[in-house]
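Heads up: the structure comes next, in structure tokens.
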Amino acid sequence: TELEHVRLTEGGDHVVTVATGEKREVNPAGRLVGNGGSFSPDGKWLVLDNKQFDRSPSDLFILPVAGGKLEPLVTHPSNDMGPHWSADGRSVLFVSNRSGAYGLWRLPVESGKPAGPPELVRGDLGNTVRPVGFTKSGSFAYSLLIGGQDIYAADFDPAGGKVTGNSVMLSDLHPGHNGLPLLSPDGTRLAYLTQVDGRREQRVTIRDLATSGEQTLPLTAGISDFVWAPDGNKLLLESGGALPNVRQLFWLDVESGQATLFRTVEPTRNPLSPQLSADGKILYIVLREWPEDAF
């Protein structure tokens, strides 16, 4: 085919004619977040998965390559992603969790519109499944992320710059789902992030290093980063926010678990990576705005 779909995180989605370099914008930068797309075998249609902002469910859209409007193909409260055209061009295969667990679904398509309801091809593929595409023999390939992350402690020799002895996992409450460890300013407690049930539930755990006691603080917003306040009584949490190009900062009281909005930062296209000064009076963040022309 003479057309190639180019996905640019910072500059929206474009269709490019390879021979001439001519480009046409499909999605303006910052409006929809795309994960992938696929051309139909006859080159007439482009199917995309898109979502309104980073943490919203993804839907499927279709675009006539010759020119026209991007139209919804599959809309559902679930997460629908990774669309790929079948070899005969009569259906689109995609991954969805509409049955409660992620599985592979097939949607019959005719003239750019659904020709029937989606049907389950294979279920229970796991939360980390990502479509790869069709092989030349007609088999459908997908990838699975196997493994996880945990927090370990080990003795360290500063003079030799080496870990001594065996490392020990600090908590076995949710093995494989713990990360982002951060010591309190006085070094007596450890805060870390736990992902429960894939990424559906998130919490901060405060661990007393002397007693091994743990306090769990449930979160209502998706957290990407956090930092201790100098007094050790609060955590400053960073969230992606409820709108595109917006980041939010929350104070979390480590005793009560009460979260309070501190600042909303917009527009920004990257994590803020907050850091507090030693006296807690200055907050440092990384801020990047959308350029006028990101393509």
Side-chain angles (χ1 to χ4, degrees), residues 51 53-57 79 97 100 126-128 145 147-154 167-266 268 270-287:
K51 48 189 177 179
F53 44 90
D54 283 344
R55 298 188 64 83
S56 66
N79 199 30
N97 61 349
N127 291 335
T128 63
L145 176 63
Q149 61 178 2
D150 280 300
I151 301 169
Y152 292 80
S167 58
V168 178
M169 189 167 67
L170 286 185
S171 177
D172 58 1
L173 185 59
H174 294 284
H177 301 282
N178 304 308
L180 207 65
L182 192 62
L183 279 171
S184 62
D186 62 6
T188 63
R189 291 167 295 167
L190 182 75
Y192 63 89
L193 197 64
T194 299
Q195 306 280 0
V196 184
D197 190 17
R199 293 188 64 90
R200 298 179 187 178
E201 185 182 345
Q202 202 176 41
R203 60 188 65 170
V204 168
T205 300
I206 309 295
R207 182 180 179 88
D208 188 305
L209 297 179
T211 66
S212 299
E214 292 187 333
Q215 177 189 8
T216 299
L217 307 175
L219 301 172
T220 57
I223 301 302
S224 60
D225 203 355
F226 61 86
V227 62
W228 282 93
D231 61 10
N233 294 324
K234 295 184 294 184
L235 292 170
L236 184 64
L237 311 176
E238 178 184 349
S239 172
L243 296 172
N245 308 322
V246 174
R247 310 294 291 187
Q248 292 181 311
L249 297 170
F250 295 85
W251 285 115
L252 179 69
D253 189 294
V254 298
E255 294 298 327
S256 66
Q258 182 68 35
T260 306
L261 179 64
F262 172 59
R263 287 288 188 276
T264 297
V265 180
E266 60 177 324
T268 180
N270 64 282
L272 302 176
S273 303
Q275 292 293 327
L276 287 163
S277 60
D279 59 7
K281 294 182 179 181
I282 301 175
L283 172 65
Y284 299 93
I285 62 173
V286 177
L287 183 62

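Phe262 places a side-chain heavy atom less than 4.5 Å from the side chain of Leu283. No side-chain heavy atom of Val286 sits under 4.5 Å from any side-chain heavy atom of Leu272. Between Phe226 and Leu236 the shortest side-chain heavy-atom distance does not fall below 4.5 Å. Inter-residue side-chain proximity for Leu190 and Ile151 is flagged as met; some heavy-atom pair is nearer than 4.5 Å. Looking at heavy atoms from C-beta onward, Leu237 lies in side-chain contact with Leu219 at the 4.5 angstrom threshold. Residues Asp225 and Val227 fail the side-chain proximity criterion, which asks for heavy atoms closer than 4.5 Å.
Scanning both residues, Ser224 and Arg247, for their nearest heavy atoms gives OG-NH2, 2.9 Å. Across every non-hydrogen atom of Pro274 and Glu238, the tightest pair is CD-OE1, 3.1 Å. Residue Leu183 comes nearest to Trp228 through the heavy atom pair O-CD1, 3.1 Å, listed as atom of the first residue, atom of the second, then distance. The two residues Ala229 and Pro185 make their nearest non-hydrogen contact at O-CG, 3.4 Å. Closest non-hydrogen pair, Ser239 versus Gly222, comes out as OG-O, 3.0 Å. Taking each heavy atom of Val204 and Ile206 in turn, the nearest pair found is CG1-CD1, 3.9 Å.
Note: Thr268 OG1 to Leu287 CG = 4.5 Å, rounded to the nearest 0.5 Å. Remark: Gln248 CD to Arg263 CZ distance equals 12.5 Å, nearest 0.5 Å. Note that the CG atom of Leu209 and the CG atom of Leu170 stand 7.0 Å from one another [nearest 0.5 Å]. To the nearest 0.5 Å, the span separating CG on Leu235 from CG on Leu182 amounts to 7.5 Å.
The side-chain contact (heavy atoms from CB on, under 4.5 Å) test applied to Ala154 returns Val163, Ser167, not counting sequence neighbours. Taking the side-chain contact (heavy atoms from CB on, under 4.5 Å) definition, one finds that Glu214 meets it with Ser171, Leu173, Tyr192, Thr205, Arg207, sequence neighbours left out. With sequence neighbours left out, the side-chain contact (heavy atoms from CB on, under 4.5 Å) criterion links Asn233 to Asp231. Residues satisfying the side-chain hydrogen bond (donor to acceptor under 3.5 Å, both in side chains) test with Ser273, not counting sequence neighbours, are none. In terms of the ring pair (Phe, Tyr, Trp, His ring centres under 6.0 Å) criterion, Tyr152 has no residue partners (sequence neighbours excluded). Not counting sequence neighbours, the partners of Asp186 by the side-chain hydrogen bond (donor to acceptor under 3.5 Å, both in side chains) test are Ser184, Thr188. By the side-chain hydrogen bond (donor to acceptor under 3.5 Å, both in side chains) test, Asp150 pairs with Asn178, sequence neighbours left out. By the salt bridge (charged side-chain N to carboxylate O under 4.0 Å, His left out) test, Arg189 is found to be paired with no residue, residues two or more places apart in sequence or in another chain being considered. By the side-chain contact (heavy atoms from CB on, under 4.5 Å) test, Ser277 is found to be paired with Asp279, Ile282, Tyr284, residues two or more places apart in sequence or in another chain being considered.
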